[in-house]
J.: 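The structure under discussion is supplied below as structure tokens; questions concerning it will follow.
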Amino acid sequence: MEAVSTRLSQLFVRTLREDPVDAEVASHRLLVRAGYIRRQAPGVFAWLPLGLRVRRKIEAIIRDELESFGAQEVLFPGLLPREPYEVTNRWTEYGDGLFRLKDRKGADYLLAPTHEEVFTLLVKDLYSSYKDLPLSLYQIQDKYRDEARPRAGLLRGREFSMKDSYSFDYTDAGLEVSYQQHRDAYERIFQRLGLDYVIVKADAGAMGGSRSEEFLHPTPVGEDTFVRSAGGYAANVEAFTTDAPAPRSLDGLSPAEVLDTPDTPTIATLVDVANQKHARADGPEWTAADTLKCIVLALTALDGTRELVVVALPGDRDIDMKRAEVAFAPAEVEAANEADFAKHPELVKGYIGPWTADRAMLGGSAEGEPARSITGIRLLLDPRVSEGTAWVTGANEHGKHVFGLVAGRDFVGDGEVQIGSVVAGDPAPDGSGPVELARGMEIGHVFQLGRKYAEALGLKVLDENGKLVTVTMGSYGIGVTRILAVIAESNNDGKGLIWPKNVSPFDVHVVVAGKDAAVMEIAESLVGNLEAGGLDVLFDDRPKVSPGVKFGDAELLGVPLIVIVGRDAPEGRVELWNRATGERTSVSIDELGSALAAQA
RNA sequence: CGGGGCGUAGCUCAGCUUGGUAGAGCGCUCGGUUUGGGACCGAGAGGCCGCAGGUUCGAAUCCUGUCGCCCCGACCA
């Protein structure tokens with residue numbers, strides 16, 4: 001690209017002295033204040049020249065890395081017909097999140113939220129042989145999602161730019177290679193962008209794929225919680241797993257006994273009363289971790305049927321509803337309501353447990369019968385409730401709990417479920433030590449889709465043996481405008497933006513300070529030289545603006561290198577100002593080029 | 001969808017309690033003085049006080065409704 005110089009006196013920008021009142025997070029506030037973007041509607045932004053320049057810098061890096069392994073760029077429209085999305089059922093599944101519209105004939109259209117369907121169909125149209133594969137296609141295109149609540153400026157918008165790629169292979173091994181190529185390219189892209197990231201295992205269930213990882217940028221404004229261990233483990237909380245302890249012998253465990261525990265509907269009250277009235281003979285106090293909490297959830301399947309399940313987990317844990325949603329998908333999960341309880345009067349709120357003296361209340365029974373429990377409600381166990389563990393839990397009577405109830409002896413679950421809250425200190429499943437919790441913003445996602453879309457849309461090719469095989473696909477996304485916001489979010493100070501050099505709208509910002517015509521002339525020629533040397537230059541040539549305003553704007557706009565042409569210019573000296581460090585050094589004009597190169 | 005807040009000039013806000021015909025700072029235009037950290041003087045342009053009803057001689061102000069926006073939560077391939 002040809003180097004350019006732009007005069008601030010001509011640039012279409014107006015900086016705001018005060019923060020816009022509707023902007024909360026730093027990136028939103030500063031991008032608006034510095035004149036990079038303007039809001040058009042909730043979650044919808046117009047791009048001004050400065051913002052566009054940054055956006056294109058980011059896009060160029062993405063393109064470079066994708067082309068480096070042979071991915072090819074295409075461009076789909078944002079406006080698409082309903083049909084392809086009907087075939088995969090996403091016209092319906094997307095629900096309110098989809099922008100739908102009708103043409104003059106009443107035909108249904110949508111503003112695409114993502115493009116799996118049409119990419120699949122495009123390849124189906126043109127290719128039919130294994131010899132054409134592997135193939136990776138991508139586009140950088142605006143996506144539309146009618147978010148219930150757009151927020152934080154560019155971080156969650158309703159229109160946003162996304163780079164989406166799709167890989168096409170006819171073998172699983174091929175998909176693995178394509179996936180790895182994208183994953184490697186993403187690492188290089190984020191490194192070039194100067195973006196801190198962690199790769200976390202993501203839940204792959206809902207989309208029917210086999211492998212999925214998210215690139216998260218750690219930041220307090222992030223929307224995802226993830227866990228990581230010092231030993232290198234990282235995962236989304238939804239994908240975090242806890243291993244069940246090895247089964248313990250049932251021999252020698254004391255029998256369960258029902259004890260009075262008046263007024264103990266909560267775990268906290270139960271622990272208190274247990275310690276007061278039923279202290280353990282052999283020492284340690286009862287804690288919440290000794291109790292078994294039984295939570296009644298209502299699942300609504302896609303066909304609308306509602307089923308209650310009880311999840312039993314240690315009393316020091318809560319249910320993480322996000323994890324629950326993933327675990328029970330596609331069914332919807334919510335806490336059981338009054339009507340649900342009314343149908344099961346045998347469930348005594350606050351005193352629910354799996355066991356009664358006669359017959360299992362929930363789940364199966366240790367002896368394998370009776371086949372159905374009293375309630376018939378499925379009992380799902382947290383992995384910590386493993387065979388041979390003993391618990392204090394509800395006795396299904398007001399004011400009574402059963403102590404020493406042993407999993408695998410006195411009650412049996414109908415399955416395991418991993419929806420307990422994850423807390424700092426939990427062991428990583430790979431043995432790499434305790435985890436900590438952190439917030440992150442998803443900036444990239446690599447996903448092995450497998451054959452779901454190819455199957456639904458009939459994308460098959462002939463293999464070496466002349467046999468039709470269904471193509472296997474991957475999809476890979478990077479949020480371009482979100483990345484821009486994340487970079488802004490992580491690169492600013494009280495005075496304004498501080499762009500990393502690879503994405504800065506200009507390489508250098510030249511400020512002419514003072515009204516002297518001679519100084520202005522020197523600045524003009526200096527700008528010309530820098531441009532000739534291949535640098536993009538923003539030139540603050542505004543004649544009637546005081547130096548303070550120019551300096552303030554320079555800091556707000558965030559070009560990392562600033563050159564002040566001022567009082568020492570007639571002596572052949574200018575100041576080189578590093579935006580990030582604030583350091584200013586006097587350099588001779590002759591050496592400016594090398595001084596800039598040294599800073600860059 | 002639940003909770004909270006806010007709609008007055010391009011931006012940030014005052015005025016509303018107690019009704020009397022629209023204000024400030026910044027920005028913008030013109031003239032002049034300034035020019036190394038957000039200068040100053042003078043003269044201007046700019047508002048359907050979100051919208052619709054109502055009360056009243058009179059509504060930015062009181063009442064009702066409505067729309068929109070922001071934040072928190074729910075939701076989010």
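Protein chains get the first letters and strands the later ones, always in sequence-line order, with residue 1 at the start of each. Reckoned from all heavy atoms, side chains included, excluding hydrogens, waters and symmetry mates.
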J.: Pair A:Phe45, A:His28 - check ring pair (Phe, Tyr, Trp, His ring centres under 6.0 Å), show working.
T.: CA-CA 11 Å; A:Phe45 292 87; A:His28 187 196; 5.6 Å; yes

J.: Consider the side chain of A:Arg14, meaning its heavy atoms from C-beta on, and name the nucleotide among B:A39, B:C11, B:G27 that approaches it most closely.
T.: B:G27

J.: Please confirm whether the shortest side-chain N or O distance from A:Ser546 to OP1 or OP2 of B:G38 is below 4.0 Å.
T.: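 So the side-chain polar atoms of A:Ser546 never come under 4.0 Å of the phosphate oxygens OP1 or OP2 of B:G38.
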
J.: Could you measure between the two C1' atoms, the one in B:C63 and the one in B:U17, and give it in whole Å?
T.: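 Rounded to whole Å, the distance is 16 Å.
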
J.: Counting side-chain heavy atoms from CB outward, which of B:G38, B:G36, B:C76 is closest to A:Phe551?
T.: B:G36

J.: Mind calculating the distance between NZ (A:Lys544) and P (B:U29) to the nearest angstrom?
T.: 11 Å

J.: In whole Å, I'd like the distance from the NE2 atom of A:His445 to the P atom of B:C76.
T.: 15 Å

J.: Quick one: which of B:U35, B:C28, B:C69 gets closest to the side chain of A:Arg39?
T.: B:C69

J.: Given B:C69, B:G36, B:A39, identify the nucleotide with an atom nearest to the side chain of A:Ala513.
T.: B:G36

J.: Pick the C1' atom in B:U61 and in B:G54, then give their distance to the nearest Å.
T.: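 Their C1' atoms lie roughly 15 Å apart.
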
J.: If you check every side-chain atom of A:Met162, which of B:A39, B:A77, B:C76 has the closest atom?
T.: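 Closest nucleotide to the A:Met162 side chain: B:A77.
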
J.: Please give the distance between the C1' atoms of B:U64 and B:A43 as a whole number of Å.
T.: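 The same atom, C1', in both gives a distance of 46 Å.
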
J.: Return the nearest nucleotide to the side chain of A:Arg38; candidates are B:C11, B:G36, B:G38.
T.: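 Of the candidates, B:C11 comes closest.
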
J.: Considering every strand shown, what is the Watson-Crick or G-U wobble mate of B:G44 when both distances are under 3.5 Å?
T.: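 B:G44 is paired, partner B:C28.
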
J.: Taking OH from A:Tyr166 and P from B:A77, how many angstroms apart are they, rounded to a whole number?
T.: 14 Å

J.: What integer number of Å spans the C1' atoms of B:U8 and B:G4?
T.: 22 Å

J.: Look at the side chain of A:Arg156 and decide which nucleotide, out of B:C76, B:G36, B:A39, has an atom nearest to it.
T.: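 So the side chain of A:Arg156 is nearest to B:C76.
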
J.: In whole Å, what separates the C1' atom of B:G23 from that of B:G2?
T.: 38 Å

J.: Can you check the distance between B:G5 and B:A77, where both ends of the measurement are the C1' atom (answer in whole Å)?
T.: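 Result for the C1' pair: 33 Å, nearest Å.
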
J.: How long is the line joining CG of A:Asp553 and P of B:C11, in whole Å?
T.: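 About 18 Å, once rounded to whole Å.
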
J.: So, A:Asp568 and A:Arg573, do they make that salt bridge, N to O below 4.0 Å?
T.: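 Salt bridge: no.
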
J.: Over 60° means perpendicular and under 30° means parallel, so tell me whether A:Tyr36 and A:Trp499 are parallel, tilted or perpendicular.
T.: tilted

J.: Are side-chain N/O atoms of A:Thr120 and A:Tyr166 paired as donor and acceptor at under 3.5 Å?
T.: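 Side chains of A:Thr120 and A:Tyr166: no pair found under 3.5 Å.
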
J.: Once you apply the 3.5 Å cut-off to both distances, tell me the Watson-Crick or G-U wobble partner of B:C57, or none.
T.: B:G20

J.: Need one value for A:Pro543: base, sugar-phosphate or nothing, where a base atom within 4.0 Å counts as base even if backbone is also close, heavy atoms only.
T.: base

J.: Answer yes if the side chains of A:Ser9 and A:Arg542 hold a donor-acceptor pair under 3.5 Å, and no otherwise.
T.: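 Looking only at side-chain atoms, A:Arg542 and A:Ser9 do not form any donor-acceptor pair under 3.5 Å.
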
J.: Base, sugar-phosphate or nothing for A:Glu555? Non-hydrogen atoms, less than 4.0 Å.
T.: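 Since a base atom lies under 4.0 Å of A:Glu555, the category is base.
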
J.: Any donor-acceptor pair under 3.5 Å between the side chain of A:Arg145 and the base of B:C76?
T.: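 Result: no qualifying N/O pair found.
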
J.: For atom C1', what is the distance between B:C6 and B:A60, given to the nearest Å?
T.: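 Rounded to whole Å, the distance is 15 Å.
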
J.: Which residue lies toward the 5' end of RNA chain B, A:Leu16 or A:Lys495, if each is placed at its nearest nucleotide?
T.: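 It is A:Leu16, whose closest nucleotide lies nearer the 5' terminus.
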
J.: If the C1' atom of B:A52 is compared with that of B:C67, how far apart are they to the nearest Å?
T.: 10 Å

J.: Specify the separation, in whole Å, of atom CG of A:Asp540 and atom P of B:U35.
T.: 18 Å

J.: For A:Phe447 and B:A77, give me the distance from atom CZ to atom C1', rounded to whole Å.
T.: 8 Å

J.: Rounded to the Å, how far apart are A:Ile562 CD1 and B:G36 P?
T.: 18 Å

J.: Under 3.5 Å, is there a donor-acceptor pair between the A:Tyr197 and A:Glu187 side chains?
T.: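 Distance-only check passes for A:Tyr197 and A:Glu187.
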
J.: Suppose we call two aromatic rings close when their centres sit under 6.0 Å apart. Are A:Phe119 and A:Phe76 close by that rule?
T.: yes

J.: Send over the distance from A:Lys550 NZ to B:U34 P, rounded to a whole Å.
T.: 17 Å

